[in-house]
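In what follows, a single structure is set out as structure tokens and then discussed.
Values below: every heavy atom of this structure, side chains too, minus hydrogens, waters and symmetry copies. These figures come from a predicted structure and were not determined experimentally.
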Amino acid sequence: TKEQLPDLHSHFSDLNLEAHMYASQWFLTLFTAKFPLCMVFHIIDLLLCEGLNIIFHVALALLKTSKEDLLQADFEGALKFFRVQLPKRYRAEENARRLMEQACNIKVPTKKLKKYEKEYQTMRESQLQQEDPMDRYKRENRRLQEASMRLEQENDDLAHELVTSKIALRNDLDQAEDKADVLNKELLLTKQRLVETEEEKRKQEEETAQLKEVFRKQLEKAEYEIKKTTAIIAEYKQICSQLSTRLEKQQAASKEELEVVKGKMMACKHCSDIFSKEGALKVAAISREDQGIESDDEKDSLKKQLREMELELAQTKLQLVEAKCKIQELEHQRGALMNEIQAAKNSWFSKTLNSIKTATGTQPLQPPQATQPPKEST
């Protein structure tokens, strides 16, 4: 340090701070006692590549980077700085890398190191020979006391760090155990919910299958009813058309018979005197006594035939009206069945969606309202 850092060397001399008080631990442990591992790995790599001299380079680089802080510190402050503050400075890998670069740039000749080593050994031998044994023992005792104080302080610091780390680890362990218990409870609840959800899903699937089967049967039944109703309507339409044709034929036949009767009446001398060409009775002064029994019988038979024809015509019209009413009623039933089928389809679709969404945990939809069948007037 005297050649590389003269001002720091003079400051250490004033404080009676010798190199072995702070550097002996560095050299004996290869900086592994206090410094972070990322920095120690770089030092060991350089040691394997460059040799033992790299240790002195790293020590000089540490003193250079901490020069300003050490010049302002006293004896106890300097020792505390070497023990606590200096290792914390190189926890960042970037700072450790810069320190290694600076250490590699420091040039310390090997011959000079050997020369210093020989001078130190010669000086130590001469001091041991000239020094009074009592003074040497006192100095050694003082050095040992200082080392003991330093070791006790380091021991206290290590014990404090150990207790603090144990407390922190205990707290972390308790928190981890609490968190594990909470997670286990949540896992059990989740598994239970999963089992319940699967069971509900299975029930919903069974219910859906049953609903499908019911709606399929209802649909088949409704289709069968529609086919049956359609066939009945077609049959009634055919019957109505046949009745209409028959009515027209009967009307035509009645007209023909009426024309024949009119012709016979007009051909008859007595009838032509009583009826006009349109079939109305003539107002004549013929006395009842002059009319014969034969004309009365013929008139009665004609009236009777006329009444029978009118009654048959009325029955035919009544059957036609009843057929139309039946057709309208069947049409109304067909519309109601179609509406019921549509409502059943909509209800089944909405229930299926609701069951699926309930099984997946979503809000079920509201089922659509079934349309009211239109009222048909008969």
Side-chain angles (χ1 to χ4, degrees), residues 1-43 46-47 52-108 112-113 116-117 119-120 123-124 127 135 138-165:
T1 59
K2 186 175 181 180
E3 292 183 1
Q4 298 287 336
L5 302 167
D7 50 354
L8 189 60
H9 177 73
S10 62
H11 181 66
F12 284 172
S13 299
D14 295 338
L15 297 177
N16 292 326
L17 182 63
E18 297 179 1
H20 66 84
M21 295 180 181
Y22 60 86
S24 60
Q25 192 181 34
W26 295 353
F27 298 153
L28 291 175
T29 62
L30 289 178
F31 301 91
T32 58
K34 292 290 184 181
F35 292 95
L37 289 177
C38 61
M39 176 180 169
V40 175
F41 292 155
H42 289 299
I43 295 173
L46 292 174
L47 177 65
L52 291 173
N53 292 337
I54 198 65
I55 299 175
F56 300 102
H57 295 186
V58 175
L60 289 173
L62 287 172
L63 293 175
K64 277 188 177 182
T65 56
S66 308
K67 177 180 176 181
E68 299 296 331
D69 296 324
L70 291 171
L71 288 175
Q72 297 176 2
D74 56 0
F75 182 82
E76 294 295 334
L79 290 178
K80 185 177 181 181
F81 180 83
F82 283 122
R83 188 174 62 253
V84 179
Q85 298 178 8
L86 185 61
K88 290 182 179 180
R89 185 176 293 180
Y90 296 101
R91 288 179 179 176
E93 189 173 355
E94 184 65 22
N95 295 336
R97 187 180 60 80
R98 291 177 182 174
L99 179 66
M100 294 301 103
E101 292 178 355
Q102 191 172 0
C104 292
N105 293 328
I106 294 175
K107 302 297 181 181
V108 179
K112 190 172 290 188
L113 288 176
Y116 290 153
E117 183 180 359
E119 290 178 355
Y120 178 74
M123 183 182 66
R124 291 292 296 175
Q127 285 180 355
D135 294 336
K138 287 181 180 179
R139 183 173 53 80
E140 187 69 21
N141 188 19
R142 186 173 62 252
R143 186 180 64 80
L144 291 175
Q145 286 179 355
E146 292 174 355
S148 177
M149 291 176 60
R150 186 179 69 253
L151 291 174
E152 287 179 357
Q153 184 65 32
E154 290 180 356
N155 189 20
D156 293 339
D157 294 338
L158 290 174
H160 183 266
E161 289 180 2
L162 180 61
V163 172
T164 306
S165 62

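Between Arg150 and Glu146 there is no salt bridge, since none of the side-chain N atoms of the basic residue sits less than 4.0 Å from a carboxylate O of the acidic one. Using a 4.0 Å cut-off between a side-chain N of Lys or Arg and a carboxylate O of Asp or Glu, Asp157 and Lys34 do not qualify as a salt bridge.
For the atom pair CG (Asn95) and SG (Cys38), the distance works out to 9.0 Å, reported to the nearest 0.5 Å. Summarising the geometry, atom CZ belonging to Phe31 is positioned 6.5 Å from atom CD1 belonging to Ile55; distances are rounded to the nearest 0.5 Å. To the nearest 0.5 Å, atoms CZ (Arg83) and CE (Met21) are separated by 13.5 Å. Glu76 contributes atom CD, which lies 6.0 Å from atom CE of Met149 (distance to the nearest 0.5 angstrom). Separating the CZ atom in Phe81 from the NZ atom in Lys88 is a distance of 12.0 Å, to the nearest 0.5 Å. Rounded to the nearest 0.5 Å, atoms CD (Gln25) and OG1 (Thr32) are 8.5 Å apart.
Across all their heavy atoms, Phe12 and Leu70 have their closest contact at CZ-CD1, 4.0 Å. Counting all heavy atoms, side chain and backbone alike, Leu15 lies closest to Phe75 at O-CD1, 3.3 Å. Residues Thr164 and His160 approach most closely at OG1-O, 2.7 Å, considering heavy atoms. Nearest approach of Ala73 to His11, heavy atoms of both residues: O-NE2, 3.0 Å. Closest approach of Leu60 and Leu5 over heavy atoms only: O-CD1, 4.4 Å. The shortest non-hydrogen separation linking Ala61 to Ile106 is N-CD1, 3.6 Å.
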(request) Apply side chain to side chain contact (heavy atoms under 4.5 Å, CB included) to the pair Thr65 and Tyr90, showing each step before the final yes or no. (result) CA-CA 11 Å; Thr65 56; Tyr90 296 101; 2.7 Å; yes
(message) Run His42 and Val58 through side chain to side chain contact (heavy atoms under 4.5 Å, CB included) and show every step you take.
(response) CA-CA 10 Å; His42 289 299; Val58 175; over 6 Å; no
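Using a 4.5 Å heavy-atom threshold, the side chains of Phe41 and Glu93 count as separate. Using a 4.5 Å cut-off on side-chain heavy atoms (C-beta onward), Met100 and Leu46 make contact. Side-chain contact check for Tyr22 versus Leu63: some heavy-atom pair is nearer than 4.5 Å. Considering only heavy atoms from C-beta on, Leu79 stays 4.5 Å or farther from Gln153 through its side chain. In this structure, His57 and Asn105 have side chains that are not in contact, with every pair of non-hydrogen atoms separated by 4.5 Å or more. Within the 4.5 Å cutoff, side-chain heavy atoms of Leu62 are placed close to those of Trp26. Using a 4.5 Å cut-off on side-chain heavy atoms (C-beta onward), Ile43 and Leu30 make no contact.
Within 6.0 Å of the NZ atom in Lys80, the count of heavy atoms belonging to other residues, nucleotides or ligands does not exceed 12. Dense packing is recorded around CG of Leu144, with more than 12 heavy atoms of other residues, nucleotides or ligands lying under 6.0 Å away.
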